[in-house]
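To start, the structure under review is shown below, and the notes come after it.
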Protein chains: 2
Amino acid sequence: MEPGHTEVTEAQPIHRPGDCRVVGTVLARVGDKWSILVVMTLTDGPRRFNELKRIIGGISQRMLTFTLRGLERDGLVSRTVTPTIPPRVDYELTELGRSLQVPVQALGSWAFANLPTIQAARTRFDAGAEPDAA
Amino acid sequence: MEPGHTEVTEAQPIHRPGDCRVVGTVLARVGDKWSILVVMTLTDGPRRFNELKRIIGGISQRMLTFTLRGLERDGLVSRTVTPTIPPRVDYELTELGRSLQVPVQALGSWAFANLPTIQAARTRFDAGAEPDAA
DNA sequence: CGGAATCCTATGCGATACTG
DNA sequence: CAGTATCGCATAGGATTCCG
């Protein structure tokens, strides 16, 4: 399977909302290296391929292609081709894509708020685990 | 770097709350294959190693170890050793770990609510992309 | 029981080159 | 410009075995 094509389909025991595996399912979709960056970058409106590439920075065209494909496949992003020469392709968040931003932003806020705590815990842990590495 | 040891430290331009890269940062932490499952499994209280392994199902002891280590390192999970023979080790969510569940649950709810939509979009996309595969 | 160490494969993903 | 195709390395992560 190509990167960006995550399987959401699950034969696992999913019963109540917020169940572990459903969460893992979205996470597998959005938790890859680039999807969120793309989704967030599309917040301000439609963007063209190379525009996205430039703004995001550090993403290869290969991964941008795969990521956009995956998002498009899941209905989070729409792709509009204007067959001029050279061709012009615009990517835009769908309604579903925009709705995803809400919980993602929440996670982002949590991250932002707790980053110091996490880093502190990490430093403490690493100090205790490798006292010889002084 | 071992699995489960994600780098949260970032030299990237992080400015406003909910910024792309901060989100990516948490996602890199909890977005791996198992972390969320472990965190969610610990909701009901402390669990022992093999208990977690059994409940989660499908996880190798290697990955459970790495995942727990990573979560412990970030202060999301606490590890309590009872040096009996055989030894007993209990894992429990910390306050930070429990606070993480809130945004994660939100994401889970979104997933649960939109799974049908996503699957429909996916089916439609796959049908259009490979019309020859009939 | 809980975990560490080693092995091995599948995949992620960047770099590069080519096409319409 | 917006891809696609091929290569190649680095990592994730499962299976297995050994240890306290």
Side-chain angles (χ1 to χ4, degrees), chain A residues 1-7 24 27-38 41-42 46-73 77-92 125 128-130 132, chain B residues 1-7 24 27-38 41-42 46-73 77-92 125 129-130:
Chain A
M1 194 197 316
E2 265 84 31
H5 273 55
T6 326
E7 275 317 314
L27 254 33
R29 158 71 283 179
V30 152
D32 68 274
K33 198 172 176 183
W34 301 110
S35 290
I36 283 299
L37 275 308
V38 172
T41 305
L42 287 174
R47 296 286 186 185
R48 300 181 59 176
F49 188 88
N50 280 328
E51 203 177 352
L52 281 170
K53 186 160 165 9
R54 194 169 352 96
I55 297 177
I56 294 176
I59 188 173
S60 62
Q61 93 292 46
R62 172 194 156 89
M63 284 319 293
L64 182 53
T65 300
F66 283 143
T67 303
L68 286 169
R69 260 236 200 303
L71 293 172
E72 187 197 356
R73 187 162 95 113
V77 160
S78 69
R79 179 173 180 269
T80 311
V81 184
T82 312
T84 54
I85 294 184
R88 174 196 179 101
V89 183
D90 285 280
Y91 292 93
E92 187 176 11
F125 183 89
E130 304 169 30
D132 48 292
Chain B
M1 195 198 313
E2 266 84 30
H5 272 55
T6 324
E7 274 318 314
L27 253 34
R29 160 70 284 182
V30 293
D32 68 276
K33 199 173 177 184
W34 300 112
S35 291
I36 283 299
L37 276 309
V38 171
T41 306
L42 287 175
R47 296 285 187 186
R48 300 181 58 175
F49 188 88
N50 281 328
E51 203 178 353
L52 281 171
K53 186 160 167 3
R54 195 170 350 97
I55 297 178
I56 294 176
I59 189 174
S60 62
Q61 92 296 43
R62 173 193 155 87
M63 283 320 293
L64 183 52
T65 300
F66 283 145
T67 303
L68 285 169
R69 263 237 193 305
L71 293 172
E72 187 196 357
R73 187 163 95 112
V77 160
S78 68
R79 179 172 180 269
T80 312
V81 184
T82 313
T84 53
I85 294 186
R88 174 196 178 102
V89 181
D90 283 280
Y91 292 94
E92 186 175 12
F125 183 90
E130 304 169 31

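Naming convention: chains lettered A, B, ... in sequence-line order (proteins, then strands); numbering from 1 in each chain.
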- So B:Trp34 and B:Ile56, side chain to side chain contact (heavy atoms under 4.5 Å, CB included) or not? Walk me through it. CA-CA 9 Å; B:Trp34 300 112; B:Ile56 294 176; 3.9 Å; yes
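Side chain to side chain, B:Arg79 and B:Tyr91 meet the donor-acceptor criterion of an N or O pair below 3.5 Å.
Between the CG atom of A:Leu68 and the C1' atom of D:dG3 there is a distance of 11 Å, given to the nearest Å. To the nearest angstrom, P of C:dC1 lies 11 Å from CZ of B:Phe49. One interatomic measurement links the two molecules: CZ of B:Arg62 to C1' of C:dT9, which rounds to 12 Å at whole-angstrom precision. Counting to the nearest Å, the C1' atom of C:dG2 and the CZ atom of B:Arg79 are 8 Å from each other. Atom C1' of nucleotide C:dT6 and atom CZ of B:Phe66 are separated by 11 Å, given to the nearest angstrom. Distance, A:Gln61 CD to C:dA17 C1': 10 Å, rounded to whole Å. The NZ-C1' distance, from B:Lys53 to D:dG14, rounds to 10 Å in whole Å. Spacing between atom CD1 of A:Ile59 and atom C1' of D:dG3 amounts to 14 Å, rounded to whole angstrom units.
A close approach under 4.0 Å does occur between a side-chain nitrogen or oxygen of B:Lys33 and OP1 or OP2 of D:dG14. Side-chain N/O atoms of B:Arg69 include one lying less than 4.0 angstrom from OP1 or OP2 on C:dA4. Taking 4.0 angstrom as the limit, B:Arg54 places none of its side-chain polar atoms (N or O) nearer than this to OP1 or OP2 of C:dC1. Applying the 4.0 Å criterion to OP1 and OP2 of D:dC1, one finds that A:Tyr91 has every side-chain N and O outside that range. In this structure, A:Arg88 does not reach the D:dA2 phosphate: none of its side-chain N or O atoms is under 4.0 Å from OP1 or OP2.
Using modelled atom types, no side-chain atom of B:Asn50 and backbone atom of B:Lys53 make a donor-acceptor pair closer than 3.5 Å. Side-chain N or O atoms of B:Glu72 include none that pairs as donor or acceptor with a backbone N or O of B:Arg69 at under 3.5 Å. Within the 3.5 Å criterion, the main-chain N or O of A:Thr84 finds no donor-acceptor partner in the side chain of A:Thr82.
Residue B:Thr65 has its side chain nearest to C:dG3 when only D:dA2, C:dG3, C:dG14 are considered. Nearest to the side chain of B:Arg48, among C:dG3, C:dG20, C:dC1, sits C:dC1.
Residue whose closest nucleotide on DNA chain C sits further toward the 5' end, between B:Val89 and A:Pro87: B:Val89.
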